[in-house]
Amino acid sequence: METLYKIDSEIFLYLNRFVGKNDLLDELTQFTVNDYLIPVFSSMIILSLWFGWQTEEQRDRHQFGVMTAGLGVAIANAIVPIVTILYFRERPFEVLDVNLLFYQPTDSSFPSNPACIIFAMAWGISFGNTRASHILFSLGFIYSLARVYSGVCYPADVLGGLLIGLLSASAAAYSIKRANVLRNKFLQVTRFFCLS
């Protein structure tokens with residue numbers, strides 16, 4: 001385990017050492033790593049899929065993907081606090097000499113909660129629209145890299161977030177498929193009120 005921590009720290013320090021060497025890269029990272037840009041943009045993509053369809057078959061696929069993404073995010077948000085109770089990891093800036101480009105979060109570094117959320121959304125939406133899923137995965141990787149570069153997460157933290165996000169969305173897809181009657185009732189109600 002000590003070897004894994006060492007490798008993780010070395011990768012982190014390698015990426016973080018470039019902070020302060022290129023003003024444009026630092027500004028782009030600060031713009032990318034903030035709490036709003038990528039999460040809000042990803043949510044807008046998902047919302048557009050809920051309402052954006054041309055055929056009944058496309059509507060069913062998109063809305064299944066959106067429901068999977070939403071439930072996947074909820075499951076991920078339930079898993080993260082349990083993991084942090086079992087294993088609390090200090091942030092890189094608390095134990096290493098770090099060039100910090102972001103505020104100092106106080107929660108556990110592992111797993112990266114933003115990575116859990118964005119990858120749960122990306123994998124969940126893949127069940128309805130693969131093109132949107134590719135966009136969300138790309139945003140997730142950029143967001144995760146920015147969090148490591150800016151000094152708030154180790155690479156293993158975002159990998160842990162990726163795994164939890166994928167597992168959460170997979171569990172959501174399985175649950176929604178199994179609860180077909182509830183899904184259909186939910187869609188009937190939302191369509192009655194012109195919400196889908």
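What you are looking at is a predicted structure, and each value in this text was computed from that prediction instead of being measured.
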So Ser42 and Ile118, side chain to side chain contact (heavy atoms under 4.5 Å, CB included) or not? Walk me through it. CA-CA 8 Å; Ser42 300; Ile118 191 72; 2.9 Å; yes
For Phe41 and Tyr143, run ring-ring contact (aromatic ring centres under 6.0 Å, His included): C-alpha distance rounded to whole Å, both residues' side-chain angles, the deciding distance at 0.1 Å, then the answer. CA-CA 12 Å; Phe41 187 67; Tyr143 194 37; over 10 Å; no
Using side-chain hydrogen bond (donor to acceptor under 3.5 Å, both in side chains), reason through Trp123 and Ser170 one step at a time and then give a plain yes or no. CA-CA 8 Å; Trp123 185 239; Ser170 296; 2.9 Å; yes
Full working for side chain to side chain contact (heavy atoms under 4.5 Å, CB included) between Ile125 and Thr68: CA-CA 7 Å; Ile125 211 67; Thr68 302; over 6 Å; no
Run the numbers on Gln30 and Phe102 for side chain to side chain contact (heavy atoms under 4.5 Å, CB included), then give the verdict. CA-CA 7 Å; Gln30 286 177 315; Phe102 197 59; over 6 Å; no
Could you go through the side-chain hydrogen bond (donor to acceptor under 3.5 Å, both in side chains) check for Asn34 and Tyr103 one step at a time? CA-CA 9 Å; Asn34 77 61; Tyr103 70 86; over 6 Å; no
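Looking at Glu94, its side chain does come within 3.5 Å of a backbone N or O of Arg91 through a donor-acceptor pair. Under a 3.5 Å cut-off, the side chain of Asp8 and the backbone N or O of Ala156 do form a donor-acceptor pair. Thr84 places a side-chain N or O within 3.5 Å of a backbone atom of Pro81 that can act as its donor or acceptor partner. Listed for the Ser133 side chain is a donor-acceptor partner under 3.5 Å among the backbone atoms of Ala122.
Using a cutoff of 4.0 Å between basic side-chain nitrogens and carboxylate oxygens, Asp107 and Arg89 are not scored as salt-bridged. With respect to Glu56 and Arg59, a salt bridge is recorded, a charged nitrogen being found less than 4.0 Å from a carboxylate O.
Asn129 and His62 get closest at one heavy-atom pair: ND2-NE2, 3.1 Å. In terms of heavy-atom proximity, Ala169 sits nearest to Gly124 at CB-N, 3.6 Å. In terms of heavy-atom proximity, Phe93 sits nearest to Gly151 at CD2-O, 3.4 Å. Scanning all heavy atoms of the two residues, the minimum distance from Ala173 to Phe64 falls at O-CZ, 4.0 Å. The minimum heavy-atom distance linking Ile117 with Asn77 is given by the pair CD1-OD1, 3.3 Å. Met121 and Leu136 make their closest contact through O-CD1, 3.9 Å (heavy atoms, listed as atom of the first residue, atom of the second, distance).
Pro114 has its side chain within reach of Arg147: a pair of non-hydrogen atoms, C-beta onward, lies under 4.5 Å apart. In this structure, the side chains of Thr29 and Phe18 stay at 4.5 Å or more apart for every pair of heavy atoms. Contact of the Ser109 side chain with the Pro92 side chain is registered, since non-hydrogen atoms from C-beta on lie closer than 4.5 Å. By the 4.5 Å heavy-atom criterion applied to side chains, Asp97 and Leu13 are not counted as neighbours. When side chains are defined from C-beta on, Phe119 counts as touching Ser144, because their heavy atoms get closer than 4.5 Å. Looking at Ser168 and Ile79, their side chains come closer than 4.5 Å, going by heavy atoms from C-beta outward.
With Tyr149 as the fixed residue, the side chain to side chain contact (heavy atoms under 4.5 Å, CB included) test singles out one of Thr32, Leu28, Asn16, Leu25: Leu25.
For the atom pair Met44 CE and Leu49 CG, the distance stands at 12.0 Å (nearest 0.5 Å). To the nearest 0.5 Å, the span separating SG on Cys153 from CG on Asn113 amounts to 9.5 Å.
Centroid-to-centroid, the aromatic rings of Phe110 and Tyr154 stay 6.0 Å apart or farther.
Note: the hydrophobic cluster containing Leu159 does not contain Phe88 (ILVMFWY, side chain heavy atoms under 4.5 Å, direct or indirect links). Residues Val148 and Val19 share a hydrophobic cluster, clusters being chains of Ile/Leu/Val/Met/Phe/Trp/Tyr side chains in contact below 4.5 Å. Linking Ile, Leu, Val, Met, Phe, Trp and Tyr whenever their side-chain heavy atoms come within less than 4.5 Å puts Tyr87 and Leu162 in one cluster. Val95 and Tyr5 are assigned to two separate hydrophobic clusters, defined by single-linkage of ILVMFWY side chains at heavy-atom distances under 4.5 Å. Residue Ile142 is not grouped with residue Val158 when hydrophobic side chains (ILVMFWY) are merged at heavy-atom distances under 4.5 angstrom, including chains of intermediate members.
At most 12 heavy atoms of other shown residues, nucleotides or ligands fall within 6.0 angstrom of atom OH in Tyr14. In this structure, Tyr174 places its OH atom where only 12 or fewer heavy-atom neighbours from other residues, nucleotides or ligands lie under 6.0 Å away.
Arg61 forms no cation-pi arrangement with Phe127, by the criterion of a distance under 6.0 Å to the ring centre and an angle within 45° of the ring axis.
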